[in-house]
Amino acid sequence: MLFDDVAATSAAVAAASGRGAKTDAIADLFRRADPADAAIAATFLVGDPRQGRTGVGWATLRDAPAGSAAAPSLAVGDVDESLSRLASTSGPGSQAARRAVVADLFARATAREGDFLRRLLMAEMRHGALDAVVLDAAARAADVPVAAVRRAAMLTGDLGRTVAITLGAGSTGLAAVGLEVGRPVMPMLASPATDVADALGTGPAPAAVEAKLDGVRIQLHRRGDDVAVFTRNLNDVTARLPEVVALARSLPVDVFVLDGELVGISAADAPQAFQDTMSRFGRDDAASSPTVLRPHFFDVLHAGGDDLVDEPLAMRRDVLAEVASHYVVDGTVTADPAAAARFLDATVAAGNEGVVIKALASTYAAGRRGESWRKVKPVHTLDLVVLAAEWGHGRRTGFLSNLHLGARDPTGGPPVMVGKTFKGLTDAMLASQTEALLAREAGRDGIVVFVRPELVVEVAVDGVQTSTRYPGGVALRFARVRRYRDDKPAAAADTLDAVRALGAGTVRRSG
DNA sequence: ACCTCATGCCCC
DNA sequence: ATTCCGA
DNA sequence: TCGGAATGGGCATGAGGT
């Protein structure tokens with residue numbers, strides 16, 4: 001199959017307005033491809049090729065020429081090979097070698113292929129179709145129920161393989177796919193709730209209320225001495241976590257799949273700040289960090305030969321207590337919002353992020369962000385000064401979008417930048433802020449428009465973290481705009497000290 | 001030897 | 001990660 | 001209700017440059 005077939009499909013997907021039409025365009029491609037090519041094409045269409053890390057980014061592509069070939073000649077397999085070469089290039093001179101591979105690809109590409117190639121290497125397809133649409137298209141092409149395809153994708157964690165199975169073996173092949181110890185499953189996700197009452201819902205049934213730890217999600221697999229650890233994105237991080245491997249081998253059950261969170265702990269057994277956990281977790285050499293990582297499990301997908309994903313949470317929790325009793329996340333079971341709120345306050349005071357509230361009757365819905373798991377975190381608000389804004393892309397083209405936010409200097413100096421945000425802005429706010437900001441323009445640099453520091457926005461944040469990027473030494477975490485404070489002058493904005501105070505909770509960074 | 005920049009199926 | 005919007 | 005897009009800060013690493 002020609003690479004241009006995939007590029008043409010992407011263009012058709014981008015041009016199609018509805019999801020049904022996008023699905024049809026991809027299904028048409030799949031019908032024309034053999035399963036192996038379709039598997040590669042599927043990973044290209046979602047911008048996630050099998051080679052993973054290519055070492056090519058914005059700076060490498062900046063100087064790459066546009067596609068200039070007159071007619072398509074690249075095969076899907078040619079691009080696949082080039083990606084493999086990029087991924088395996090390292091050492092001195094590798095930057096130049098990568099540029100050469102990229103230049104060769106673009107030289108052989110037409111303009112349409114070059115455009116697609118650029119988006120593929122940047123992992124930014126922006127044609128309105130990713131995993132869900134591609135799986136839907138595979139189901140349509142093979143004329144099998146989409147639910148069966150999705151189930152296989154969640155259990156294999158592998159889009160390309162799932163497409164190949166769907167096209168090559170149909171319903172029979174999909175039905176044969178099951179949970180496999182040692183192969184990661186897409187983790188179940190929680191949807192946000194405004195407070196514990198919202199999370200508990202209207203029903204009288206008690207729910208599990210568990211501490212939400214501010215660390216790294218892990219999935220731990222064991223079969224005898226074979227142990228593997230995967231992240232939320234199904235990356236294999238086993239080699240980085242020797243202590244977790246040892247812990248897995250020490251547990252009283254031989255075969256299992258556990259779901260949990262990994263957090264650095266201080267000498268006093270208190271959870272460390274996320275940044276300290278990452279400092280240790282991100283490291284190749286575990287011994288070079290003083291931080292000790294400790295897993296806290298909250299679910300079990302398989303134990304002793306039994307698959308548990310279709311069992312109710314109440315039963316899975318009982319099994320978990322047997323498999324990993326000393327490493328089960330802190331929690332309680334209640335239907336009472338007041339009791340849940342008390343647990344939330346206590347766990348936050350202990351240095352945790354919030355709570356996750358789970359229906360006891362729910363099964364493990366791999367890869368889903370459903371209503372069975374709801375997360376609640378404390379929210380803080382700040383009134384900050386808009387210092388600048390950046391021109392947006394995509395559907396935000398033509399609007400000033402990403403705001404630079406400053407806190408007031410209590411000594412009277414100019415506001416101190418503490419972060420940016422583009423979240424929380426409706427189309428109407430985007431339009432009105434573009435007008436209001438341009439009226440206060442004070443200069444430009446690239447896509448940044450600087451403004452006189454007069455406008456104040458109310459910003460919601462989950463907290464602040466230490467920063468080396470910003471002059472105040474702090475940065476906002478997950479900032480989003482709530483509203484413009486037209487009633488407030490910049491002189492009444494919150495101070496840098498007020499921002500720093502949000503980081504002075506129970507969790508401290510280690511020195 | 002040290003600094004800067006770019007990169008990441010990065011983590012959140 | 002959070003949020004808004006189209007389907 | 002779901003899926004996609006638009007973008008945030010910080011971390012270690014490794015290449016390249018001084």
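The chains referred to below are lettered A, B, ... by the order of the sequence lines, with proteins before strands, and numbering in each begins at 1.
In terms of phosphate contacts, A:Gln275 brings a side-chain nitrogen or oxygen within less than 4.0 Å of OP1 or OP2 of D:dC11. Phosphate proximity of D:dG14 to A:Ser90: absent, as no side-chain N or O sits under 4.0 Å from OP1 or OP2.
One interatomic measurement links the two molecules: CZ of A:Arg99 to P of B:dA6, which rounds to 10 Å at whole-angstrom precision.
Base contact: A:Lys423 has a heavy atom under 4.0 Å from a base atom.
Heavy-atom minimum distance, A:Tyr470 versus A:Ala475: CD1-CB, 3.8 Å.
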In the 5'-to-3' direction, what one-character label does each nucleotide of nucleotides 7-12 of chain B receive under the scheme B = base within less than 4.0 Å of a protein heavy atom, S = sugar-phosphate only, - = no such atom? SSBSSB
Give me the distances for all protein-to-nucleotides 16-18 of chain D N/O pairs that come in under 3.5 Å?
unit_1: D:dG16; atom_1: OP1; unit_2: A:Gly93; atom_2: N; d: 3.3
unit_1: D:dG16; atom_1: OP1; unit_2: A:Gln95; atom_2: N; d: 3.3
unit_1: D:dG16; atom_1: OP2; unit_2: A:Gly93; atom_2: N; d: 2.8

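Nearest-nucleotide mapping onto DNA chain C: of A:Lys375 and A:Ala428, the residue sitting toward the 5' end is A:Lys375.
Along DNA chain C, read 5' to 3', the first and last nucleotides having any atom under 4.0 Å from a heavy atom of chain A are C:dA1 to C:dA7.
For DNA chain C, none of the residues of residues 122-137 of chain A falls under the heavy-atom distance limit of 4.0 Å. Within a heavy-atom distance below 4.0 Å of DNA chain C, the residues of residues 11-20 of chain A found are A:Ser17, A:Arg19.
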Once Watson-Crick and G-U wobble pairs under 3.5 Å are found, how is DNA chain D written in dot-bracket notation, 5' to 3', with | for any base paired to another strand? ||||||||||||||||||
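Atom C1' of B:dT7 sits at a distance of 13 Å from the matching atom of D:dG10, rounded to the whole Å.
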